[in-house]
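Counting starts at 1 for both ligands and their atoms, in listed order. On a predicted model such as this, the values are computed, not experimentally measured, just so you know.
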Amino acid sequence: MLQTVQKEIAHFIEELQDEHVRTLFAKLPSGKMLRSKLILQIAQNEQAPKLAAVVELIHAASLLHDDVIDDADLRRGQPSLNALFGNKTAIMLGDILYSKAFFELSSFGSAIARTISYAVALLSLGELKDVELSKSFNADEASYFDMIYKKTASLIEASAKSAAILAGLESDRYALYGKNLGLAFQIVDDILDITQDAAKLGKPAFADFKEGKTTLPYIYLYQRLNTTDRERLLGLFKKDLTDEEKAWLQEKFIATGALEAAKEKARALGHEALECLHKSDEKLRAIMHALIERTY
Ligand code: FPP
Ligand code: MG
């Protein structure tokens with residue numbers, strides 16, 4: 001089914017009629033296509049692959065910009081486009097994909113166009129907040145949740161909602177499913193940064209804290225540490241960690257129950273997502289379970 005989306009994306013790129021863009025786009029590794037899976041599952045409709053292609057191009061554009069902002073050399077185990085061709089090229093390819101996606105989005109009804117375009121405003125607000133929060137250690141859970149809602153969950157929520165609009169289903173129900181799934185997805189991502197090695201992640205492990213990102217496991221850890229250990233944790237913020245420091249963190253994450261608490265939060269959000277579904281939405285249930293249990 002996802003091939004129909006790949007075909008739409010290839011067609012969009014062809015329509016740009018630019019050899020350089022064709023070459024650059026071919027360098028982007030394909031992702032899990034979570035947003036497309038949701039859209040195709042919710043809307044079994046001939047317009048669905050095109051809507052999914054629009055969302056995938058927006059997502060790809062946002063990652064191109066994010067890798068410039070994060071100064072990331074790797075994306076999905078391969079050199080990032082900014083690492084290969086520099087920031088200017090990565091930013092412009094992002095702008096091209098984003099503009100083409102908006103051009104195609106305008107052919108959908110206004111309810112869908114407004115849903116997706118509003119989510120992109122939220123994405124950008126979320127990324128800006130992420131940049132701001134990364135300047136110092138953030139112990140505030142509410143700020144973290146607001147940021148991950150905007151940066152990650154908003155486009156997943158908008159994908160599920162738009163697909164429901166396309167299929168004439170209850171859009172609020174599917175929007176809430178998408179939102180909770182998106183929040184759980186980001187928390188799992190933040191956990192994997194701590195628990196998995198670089199080979200599995202396709203990027204360095206423990207990169208979040210080094211980049212200044214105080215993700216949920218770190219917030220929970222901070223809450224559970226005594227004053228001395230808190231000082232040690234704050235001292236590691238944005239540092240290139242030694243093996244001994246990584247081992248100390250791993251040990252504290254387990255001993256304090258901080259990692260387990262973050263996992264529990266992801267599971268709880270996943271469960272809330274399931275409560276939005278009908279009994280017959282079995283594939284959407286499976287998508288949620290696969291996401292919570294994933295290891296990369
Ligand atoms: C990854 O976060 C980043 C996002 C999910 C959203 C980025 C959004 C923007 C740059 C603004 C939107 C811009 C356009 C052109 C649509 P991360 O750094 O936590 O995750 P990572 O480990 O995958 O890099
Ligand atoms: Mg990033």
Can you list the steps and then say if Y220 with E141 is a side chain to side chain donor-acceptor pair (under 3.5 Å)? CA-CA 8 Å; Y220 285 165; E141 205 177 323; 3.3 Å; yes
Closest to atom 2 (O) of ligand 1 by heavy-atom distance, out of M147, Q186, K151, K150, is K151
Return the minimal non-hydrogen interatomic distance between [X] and [Y], and the atom names on each side.
{"X": "S162", "Y": "I112", "value": "O-CD1, 3.6 Å"}
{"X": "V188", "Y": "A266", "value": "CG2-CB, 4.0 Å"}
{"X": "F25", "Y": "L93", "value": "N-CD2, 4.3 Å"}
{"X": "S30", "Y": "R76", "value": "O-CD, 3.8 Å"}

So which protein N/O/S atoms does the Mg ion (ligand 2) have within less than 2.8 Å?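 N, O, S partners closer than 2.8 Å: D66 OD2, D70 OD2.
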Under the rule for side chain to side chain contact (heavy atoms under 4.5 Å, CB included), what residues qualify as partners of I91, not counting sequence neighbours?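 Side chain to side chain contact (heavy atoms under 4.5 Å, CB included) check on I91 returns H65, V68, D95.
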Residues in side chain to side chain contact (heavy atoms under 4.5 Å, CB included) with A139, at least two apart?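 Expected list: F137, Y222.
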Subset of ligand 1 atoms that lie under 4.0 Å from at least one heavy atom of [X]:
{"X": "E127", "value": "3 (C), 6 (C), 7 (C), 8 (C), 9 (C), 10 (C)"}
{"X": "H65", "value": "10 (C), 15 (C)"}
{"X": "R75", "value": "21 (P), 23 (O), 24 (O)"}
{"X": "K213", "value": "17 (P), 18 (O), 19 (O)"}

D66 N/O under 3.5 Å from ligand 1 N/O: yes
Compute the shortest N/O to N/O distance between D70 and ligand 1 and return yes if it is under 3.5 Å, no if not. yes
Using a 6.0 Å cut-off, check whether atom CD of E46 has over 12 heavy atoms from anything other than its own residue. no
Quick one: list whatever passes ring pair (Phe, Tyr, Trp, His ring centres under 6.0 Å) with F145, sequence neighbours left out. none
May I ask whether A72 has any heavy atom positioned less than 4.0 angstrom from an atom of ligand 1? no
Does at least one non-hydrogen atom of H59 fall below 4.0 angstrom from an atom of ligand 1?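 H59: no contact with ligand 1 (<4.0 Å).
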Closest protein heavy atom to [atom], given as residue, atom name and distance to 0.1 Å:
{"atom": "atom 12 (C) of ligand 1", "result": "S124 OG, 3.5 Å"}
{"atom": "atom 22 (O) of ligand 1", "result": "K203 NZ, 2.6 Å"}
{"atom": "atom 8 (C) of ligand 1", "result": "S62 CB, 3.6 Å"}
{"atom": "atom 16 (C) of ligand 1", "result": "Y98 CD1, 3.7 Å"}

So, does R35 use its side chain to make a donor-acceptor pair with the main chain of V55 at under 3.5 Å? no
When rounded to the nearest 0.5 angstrom, what is the spacing between OH in Y177 and CD1 in I287? 5.0 Å
Rounded at 0.5 Å granularity, tell me how far CD in E245 sits from CZ in R232. 6.5 Å
